[in-house]
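Inspection log for the structure reproduced underneath, given as C-alpha cells.
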Protein chains: 2
Amino acid sequence: MKSLSIKDIAVKANVSITTVSFIINGKAKEKSISEAVIEKVEKIIEESGYKPNQIARSLRTGNSNIIGLIIEDISNSFFSRIARLIEDKAYKRGYKIIYSSTENNVDKAKELINMFKSRKVDAYIISPIKGIEEDIQMLLDDGNPVILFDRNLSDINTSYVGADHFNASHQSIQSFIDQGKKNIALVTTDINVEQIIERCDGYKKALEDNGIKYDDNLVLKIHFNQEERETIAQIQELFENKKIDAVLFATNYLAISGLKALKQINKKVGDDLGVIAYDDHEAFELHTPRISAVQQPLEEIAETIIKLILNQLSSKGKSPVEEVIIPARLVIRD
Amino acid sequence: MKSLSIKDIAVKANVSITTVSFIINGKAKEKSISEAVIEKVEKIIEESGYKPNQIARSLRTGNSNIIGLIIEDISNSFFSRIARLIEDKAYKRGYKIIYSSTENNVDKAKELINMFKSRKVDAYIISPIKGIEEDIQMLLDDGNPVILFDRNLSDINTSYVGADHFNASHQSIQSFIDQGKKNIALVTTDINVEQIIERCDGYKKALEDNGIKYDDNLVLKIHFNQEERETIAQIQELFENKKIDAVLFATNYLAISGLKALKQINKKVGDDLGVIAYDDHEAFELHTPRISAVQQPLEEIAETIIKLILNQLSSKGKSPVEEVIIPARLVIRD
DNA sequence: TTGACCGACTAAAACGTTTTAGCATAGCCG
DNA sequence: CGGCTATGCTAAAACGTTTTAGTCGGTCAA
C-alpha cells in the first residue's frame, strides 16, 4: 500500500501541488490562498491521514530537523539521563534526536560523525574523545552547529557546556581533609579526556593546598574497556597494599565497581574509610552507609545545550562561541 | 561550504553520474565498468572525502537504513541497556537506530509512530502501551516490519520477543513461600501492559498453588508518572499498616523507591523481610544485604529482536509471525 | 557483408517536496 | 480607457540520488 503524497491530496482537492504545500506549511495567508480552499484542503488532509514525507522535505530544504547526539555509552546512567532530558527538550521544539555511543573508540566516533553528516543532521551534540579534533573541525568549517559537552577539546573553538570538574573534585578532597583524612586515594580511568584530567588536577591541587604530598601510588588508573572483574581485582589490590582512609572515584561506574570490591574484601565504608563518587547514582543513596557524590546539574546542562543549539540554528550566521561551566554540587551523605 | 555531490565527482572524473553511482554501490563489475575507470573514480572519492547524501538516497530507494526504537524511558536502566545492545548489533549490520521514549503517554507514542513513519524508517521495534493498537496495525497493514518487545499486545498479530514474566514472577513468589513466608506483598504499577499483568498473574497463581488466599490489601499499585516522594510515602504506609514478611517489586525503579522507603522507616531487609526485584539493577548487588532479582536475558532479547527484524527486512514477503518467550532467571542473593 | 552480441558507458526519469516566477482576473485611480 | 496593484492560484525547477533503457563502436560467426 503506497502512502499518500502531496500530489494525491492536490488531485483530490482539485488544486495544484503548490497550493497544498503552501497550506501545509502555514503560508496560505501570506500567499493569499482563499479561506474556502484552505478549509477544503485541510479537511482532505485530515481525513486521509496524510503526512508529508520528511525525506523529500529534507532533500529539498537541506535540513532534517534531526540533531545528532554522540555520547560515550547510553547505558551509563549519566548519559542516559542527559539523553532523556535533551530528547525531551528537543522534542518540544520540533527536533528529533538520533544518538549513538562511541564506547570511547576513535574509529567508531569518526564513523558516527560521517554517518550523521551523510544524514544531514542539523546540529551535533558531542561528548568528544581525543583523536576526533580534525573531524569536528571539519564539521565546523562546513558551518554546522556543534556543541561539545561533558568534556572539552582544547584545540577546538566551539561552544561547550560542562560542569566545573576541577572545583568539584577539589572540594571533595578538601572535605576529606577537613575530616582529618590524610591518605586519600583516587581511582580514575586511563582515558585521556579533559573532564577526567580536571578531576585529577582538582585532586592534586587540593592535596597541595593542604600541604599533603601527592603520592602516585595512591592513584589507580583503570583501563577503560576492561572487564569489571579485573577492575575489582585492581581496586582490591590497591586497598590491601596501601594505607587509605578516603577515596574519590572519578566516575560513577568506577565507584560501583569499587564498592563491590570493598564489600568483597570486607572493608567497611564509614568513619575509617570515606568514599565520594563522581556522578551520582541510585545505588549510592541506597548503600549502607549512604555514599556521598558529586552531582552534576543534569537538567541545567541539558537546558543549556539545547539553548545554545537553538541559538545557533536560528541565527544562520556565526553565533558567538560560548563556554558554559556549571558548578557541580557535592552531596554529603550520612 | 556546499558539500560535494555525486555530480562533482562525475565531473572531476570525466564520467557520467551513472557510472559513479554504479561504482559507489559496488555494481561496477556487474555493469561492466572498466577497471581503469573504477580505480580513477575511487581515488577521487577517497581524496575528496565524498559521502553520498543519504537523504537523496532514501528518497530514491524508499528505504532509510534506520530502525525506529520506541521505548518507555531511555533513562531506565533496563531500556538503556537493551537500547545499547540493539544499537550495537544493528550498527554492525549497517543500520542506525533512532529512538524515543513514550513515557507511557499514548499521545506521545502515537506522535512518535507518525514521526518515524514520515521519516520512512525501515522497521519498528516497539515496547508498546495499551491504546496504540490501531496505529501499530496501520504500520503492519502498510507492510512495515514491526517487532514488539518486553510487552505484547494481544490484539496485534505480529512478532514479539519478551521474557517469561509469568513464570519468573511465579517462581519468585514460590521461593518466598519455600522460605516459609506467608504475607507476601506485591508492589506494582498501574499501567495496563501485558508484562505487568503477567507478573501479577504469576503472583496470584503462586499463592493459589500453595493454598494462600490472595489479599488485595497486600497489592499496591503505584501510579506511573507520580513523584518518587509520593511513591515512597505509599510504600511506607503499606509496610506500616500491614504485616508483611516478603515483597516482590514489579519493576526495578519501584524496588529502588521501595528500598529507600524501607530504609527511611528503618525496616531492615533480611530474614524477616524478603525482597525480590523484577529487573536487576546495580544497586541491588551493592545493597546490604544484597537484593535478589529477576534478570531478563538482555543480550538474548536484543539478539532475537535484531534477528527477527533482519529476517523480515530481507524476505520482502510476509515473514511468519514469531513469538519468542525467553525464560528469565531469578538470582537469589545473600 | 551482415547481423547479433558484447563491452563500456550514459541520458533521463523518478522519488516527494519547496519555492521562484509568473499568469489571469478584477478593481481602482487618474 | 490605460496602467497598476491585489488577489488567487499554478508550472516547473531544484534538491542528490538510483535505475531503466538506451547508445555506440567493435568483434565474431555465418
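Computed from a predicted structure; not experimentally measured. As a basis for the values below, the full set of heavy atoms in this structure was taken, side chains included, without hydrogen atoms, waters or symmetry mates. Protein chains get the first letters and strands the later ones, always in sequence-line order, with residue 1 at the start of each.
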Atom [atom1] of [X] to atom [atom2] of [N]: distance rounded to whole Å?
| X | N | atom1 | atom2 | result |
| --- | --- | --- | --- | --- |
| A:Leu59 | D:dC15 | CG | P | 9 Å |
| A:Lys7 | D:dT10 | NZ | C1' | 15 Å |
| B:Leu4 | D:dT17 | CG | P | 9 Å |

Only counting residues at least two apart or in another chain, list the ones meeting side-chain contact (heavy atoms from CB on, under 4.5 Å) with A:Arg60.
-> none
B:Arg60 side-chain N/O to C:dA14 phosphate OP1/OP2 under 4.0 Å = no
Report yes if a side-chain nitrogen or oxygen of A:Tyr50 is closer than 4.0 Å to either non-bridging phosphate oxygen (OP1 or OP2) of C:dT17; otherwise report no.
-> yes
Among A:Val146, A:Ile132, A:Leu140, side-chain contact (heavy atoms from CB on, under 4.5 Å) partner for A:Ile156 | A:Leu140
Closest to the A:Thr18 side chain: D:dA12, C:dT18, D:dT17?
-> D:dA12
Sequence neighbours left out, cut at 3.5 Å: what donor-acceptor pairs do the side chains of residues 34-41 of chain A make with other protein atoms?
unit_1	atom_1	unit_2	atom_2	d
A:Ser34	OG	A:Val37	N	3.4
A:Lys40	NZ	A:Ala13	O	3.0

Double-helix bend of the helix from C:dT1-D:dA30 to C:dG30-D:dC1, axes at both ends from 5 pairs, round to 10°, gives 70°
Protein and nucleotides 23-28 of chain D: nitrogen or oxygen contacts under 3.5 angstrom:
none

In chain order, what residues pass the salt bridge (charged side-chain N to carboxylate O under 4.0 Å, His left out) check against [X], with sequence neighbours excluded?
| X | result |
| --- | --- |
| A:Arg119 | none |
| A:Asp122 | none |
| B:Lys31 | none |
| A:Glu111 | none |

Under a 4.0 Å heavy-atom cut-off, which of residues 19-39 of chain B touch DNA chain D?
-> B:Ser21, B:Phe22, B:Asn25, B:Lys27, B:Lys31
The complete set of salt bridge (Lys or Arg N to Asp or Glu O under 4.0 Å) pairs with one or both residues in residues 67-82 of chain B, sequence neighbours excluded, reads A:Arg84-B:Asp73, B:Glu72-B:Arg151
Taking only residues at least two apart or on different chains, which pairs with a member in residues 9-19 of chain B satisfy salt bridge (Lys or Arg N to Asp or Glu O under 4.0 Å)?
-> none
Return each pair, listed once, that meets ring pair (Phe, Tyr, Trp, His ring centres under 6.0 Å) where at least one residue sits in residues 56-110 of chain A; pairs must be two or more places apart or across chains.
-> A:Tyr99-B:Tyr99
Donor-acceptor contact present, side-chain B:Asn53 to main-chain B:Ile55, <3.5 Å | yes
